[in-house]
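Here is the structure we will look at, set down as structure tokens.
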Amino acid sequence: MRINNSYLVFVLALLMFPIGLSAQEESLKYDATLHVLGSSNDIRPMWMVNNEWGRFNQFGSSEALVELGASFRVVEKKQLTLNAGLRALANFELSESVLQEAYLSGNLGFVDFSLGKEQYSPLIIDDVLTSGMYLMNSNTRPIPRVTIGIFDYLPLGFTKNWVEIKGGISQGWLNDERVQKGNSANNVLLHEKFAYMRLGNTKVKPYAGLAHSALFGGTRPNGTEIPIDFWATFMAKGSATLGGGEETNAAGAHMGMWDFGFNWQSGFGDVHFYWQKPFADASGLKLYNWENKDYTIGVLVKPKDVSWLSGISIEVFKSDVQSGYGIPDPLYPESYTDESGNTFGQGSIIWMHEIDDFDHFMHTLFPETAETTGWEEEEVVRYLEVELNEGHKYGGRDDYMNNGSYYNGWTYSGVNMGTPLFHTAEKVRKYANTWDEVDQVFFYNNRVNGFHLGAEGCVSPKVKYRIKSTYTLNKGSYAEEFRGRSSWTRTENYFFSETKHQLYSMLEVRWATPWFDGLFLSGRAAFDTGQLYDSFGGQLSIVYAPSLKK
């Protein structure tokens with residue numbers, strides 16, 4: 001949340017530090033950090049600034065800020081815990097200062113809750129080492145929201161603890177400035193939920209889960225308010241309240257993720273294997289038809305009694321298929337009037353249930369079929385695929401993190417709310433040659449395949465390291481490769497007409513100084529290189545956090 005009066009944030013930050021120094025209670029935790037960053041390119045190296053809760057700007061040659069945070073255990077009882085927290089980022093460019101966190105969180109019995117802006121997501125596996133979750137990760141600033149649920153696995157006693165569950169529901173408010181295009185909207189609402197089940201009472205614990213994220217509501221640049229149908233959005237169903245395409249498809253914009261895997265507590269260490277499948281519509285949601293070919297497959301290992309290696313992450317990811325090259329829906333090639341007198345305009349969606357006579361439909365729109373009668377729906381669909389969709393099935397070009405009704409898609413303050421491997425239009429324009437942009441969606445590079453490696457450990461009792469390296473194949477987006485998601489006309493001089501290779505790497509070293517308990521020096525060197533852009537950067541942080549372990 002941007003504070004109009006930046007001095008308010010700066011004053012708050014200055015006040016928080018002495019309050020923390022004067023407190024002795026174990027229930028109070030506080031930290032103070034000075035960050036200084038520099039980059040050779042206006043595009044900063046990815047692993048220097050991403051998966052950092054949006055604390056650092058994505059662009060710019062240099063930046064300096066003071067980060068001050070405090071959290072306090074307000075109540076700690078058997079059936080109730082309550083925590084409060086504040087965090088301020090006082091940027092040396094005062095207009096960039098923000099109130100990063102302001103929250104109340106805790107649990108009532110077995111029910112967990114979080115209210116406000118908190119640097120926390122119950123879905124994160126380990127964004128410090130991994131490339132980050134497709135959804136609900138740590139890439140952008142905390143969003144003001146209310147979240148309630150069971151955040152950690154809860155054994156069900158009536159199953160003798162053989163079944164464990166977790167889940168939750170969240171309502172958020174995207175209060176950033178989002179109006180850029182006619183299909184933009186400010187004050188957009190964010191609905192998210194997740195549900196998981198895991199096998200307990202065994203060393204290897206397989207699990208399955210589903211996460212759902214939806215954008216709805218808001219106000220267009222012309223002042224028009226977008227109607228809200230919460231339950232239709234909740235269930236991802238059509239809504240007569242919204243009308244148009246959202247009456248026959250789904251109310252709002254939707255992204256989701258299947259999440260399968262297992263946890264294994266072995267003698268060597270803790271192992272977490274996961275297989276995640278993103279989707280943007282019903283075709284990707286249905287795994288049984290094997291049309292969803294995108295995934296992240298990863299393993300996260302936390303070895304025991306190996307000081308030089310306390311964690312390692314290996315991932316392979318693929319997001320270039322997105323249900324295939326076929327356009328999302330069949331479109332009328334020209335205006336059509338059925339036998340009941342209903343007229344459908346050129347370019348409107350062909351809904352099979354609206355066709356009252358398949359023979360009349362085919363003979364009118366495709367005269368070459370006049371001698372063929374007895375057309376059935378399946379045969380009509382296949383004909384349309386061959387003649388109008390270059391032989392591909394309809395329902396493709398899912399366009400992850402994008403939506404035609406919400407231009408900014410899954411971003412907050414211009415930063416990805418999901419995986420940082422996808423690039424926004426703002427970022428692509430900084431490294432790509434120009435082309436005649438369609439410019440109806442915000443993520444210009446969301447078809448990305450690659451490999452990721454992360455590791456951390458200790459080189460001495462006081463010196464820790466962390467490395468991340470990610471190799472990617474970047475293929476742009478369907479919406480820009482063609483003249484829109486429903487077009488077969490290719491874009492001339494398109495930057496991603498050939499796959500672009502890129503490498504993102506980072507090394508971080510943290511030293512626990514002998515001068516004061518809780519005083520750390522942290523240095524980070526990062527570089528990005530390849531066919532997208534080259535950028536080298538460094539970051540120095542002086543951290544005072546008495547509650548951190550050395």
Side-chain angles (χ1 to χ4, degrees), residues 73 76-83 105-114 118-138 147-170 192-213 234 256-279 285-288 292 295-306 309-317 454 456 549:
R73 178 63 59 87
E76 186 170 12
K77 296 184 178 181
K78 184 176 181 180
Q79 293 297 321
L80 173 65
T81 61
L82 181 63
N83 307 305
S105 67
N107 58 71
L108 179 61
F110 61 85
V111 177
D112 302 302
F113 61 87
S114 174
E118 183 181 9
Q119 292 183 168
Y120 173 75
S121 169
L123 283 193
I124 289 176
I125 293 176
D126 188 336
D127 280 3
V128 172
L129 283 184
T130 70
S131 66
M133 303 285 285
Y134 268 108
L135 293 171
M136 300 175 68
N137 66 11
S138 64
T147 307
I148 186 170
I150 302 170
F151 297 165
D152 295 314
Y153 282 107
L154 174 70
L156 298 180
F158 64 85
T159 68
K160 297 184 178 181
N161 296 342
W162 279 102
V163 177
E164 301 174 342
I165 62 169
K166 71 175 182 178
I169 183 170
S170 173
E192 294 184 306
K193 57 182 176 287
F194 62 98
Y196 282 74
M197 181 177 293
R198 186 174 72 173
L199 179 66
N201 276 344
T202 179
K203 288 186 177 180
V204 178
K205 299 182 177 181
Y207 67 83
L210 179 65
H212 173 225
S213 180
F234 183 94
M257 179 186 73
W258 286 104
D259 189 1
F260 304 98
F262 63 81
N263 302 101
W264 176 31
Q265 294 182 342
S266 69
F268 173 73
D270 294 337
V271 178
H272 185 174
F273 172 83
Y274 49 95
W275 176 48
Q276 299 171 349
K277 304 279 289 181
F279 60 87
L285 174 65
K286 299 173 183 177
L287 295 182
Y288 56 81
N292 186 340
Y295 58 80
T296 292
I297 297 176
V299 60
L300 177 68
V301 182
K302 297 294 182 76
K304 297 177 181 177
D305 303 322
V306 184
L309 183 66
S310 57
I312 184 169
S313 166
I314 301 173
E315 291 180 328
V316 178
F317 48 86
E456 64 182 358
K549 296 180 180 180

Considering all heavy atoms of both residues, which atom of Lys160 and which atom of Asn201 are nearest to each other, and what is their separation? O-ND2, 2.6 Å
Mind checking the CZ-CG spacing from Phe110 to Asp152? Nearest 0.5 Å is all I need. 14.0 Å
Closest non-hydrogen atom pair, Phe279 against Leu285: CZ-CD1, 3.4 Å
Given the rule in the side chain to side chain contact (heavy atoms under 4.5 Å, CB included) test, do Met257 and Met136 qualify, once you have shown the distances and angles that lead to the verdict? CA-CA 10 Å; Met257 179 186 73; Met136 300 175 68; over 6 Å; no
From NZ (Lys78) to CG (Leu80), nearest 0.5 Å: 13.5 Å
Quick one: CD1 on Ile165 to CG on Leu156, what's the gap to the nearest 0.5 Å? 4.5 Å
Ignoring hydrogens and angles, tell me if any N or O in the side chain of Asp259 forms a donor-acceptor pair with the backbone of Ala211 under 3.5 Å. no
For the student: nearest non-hydrogen atoms of Val271 and Ser266, plus distance: CG2-OG, 4.3 Å
One should read off an interatomic distance between Phe268 CZ and Asp305 CG, to the nearest 0.5 angstrom, of 10.0 Å
Scan for salt bridge (charged side-chain N to carboxylate O under 4.0 Å, His left out) pairs involving residues 121-138, sequence neighbours excluded, and state none if there are none. Asp126-Lys302
Quick check: does any side chain N or O of Glu315 sit under 3.5 Å from a backbone N or O of Ser131, one acting as donor and the other as acceptor? yes
Would you indicate whether the side-chain heavy atoms of Ile148 and Val111 approach each other to under 4.5 Å? yes
Where the side chain of Trp264 meets the backbone of Lys203, is there a donor-acceptor pair that is under 3.5 Å apart? no
Take Tyr120 and Thr147 through the test side chain to side chain contact (heavy atoms under 4.5 Å, CB included) and record every step on the way to the result. CA-CA 11 Å; Tyr120 173 75; Thr147 307; over 6 Å; no
Thr81 and Glu76: side chain to side chain donor-acceptor pair (under 3.5 Å), yes or no, with the steps? CA-CA 5 Å; Thr81 61; Glu76 186 170 12; over 6 Å; no
Closest non-hydrogen atoms of Pro303 and Gly311, given as atom of the first, atom of the second and distance, are CD-N, 3.8 Å
Yes or no on side chain to side chain donor-acceptor pair (under 3.5 Å) for Ser105 and Ser114, after CA distance, side-chain angles and deciding distance? CA-CA 4 Å; Ser105 67; Ser114 174; 5.4 Å; no
Donor-acceptor contact present, side-chain Lys166 to main-chain Arg198, <3.5 Å: no
For Leu108 versus Phe113, what's the shortest heavy-atom pair and its separation? N-CE2, 4.1 Å
Side chain to side chain contact (heavy atoms under 4.5 Å, CB included) between Val316 and Tyr295: does it pass, once the steps are laid out? CA-CA 8 Å; Val316 178; Tyr295 58 80; 4.2 Å; yes
Tested for ring-ring contact (aromatic ring centres under 6.0 Å, His included) against Phe260, the lone hit among Phe273, Trp275, Tyr207, Tyr274 is Trp275
For atom NZ of Lys304, decide whether the heavy atoms of other residues, nucleotides or ligands shown that lie under 6.0 angstrom number more than 12. yes
Kindly compute the distance separating CD1 (Ile125) from CG (Asn137), expressed to the nearest 0.5 Å. 11.0 Å
In Å, rounded to the nearest 0.5 Å, how long is the span from OH of Tyr196 to CG of Leu210? 8.0 Å
Looking at Asn292, is its backbone amide N or carbonyl O close enough to the side chain of Lys277 to form a donor-acceptor pair, meaning the two atoms are under 3.5 Å apart? yes
Do you know which two heavy atoms are closest between Gly106 and Asn83, and how far apart they sit? CA-ND2, 4.3 Å
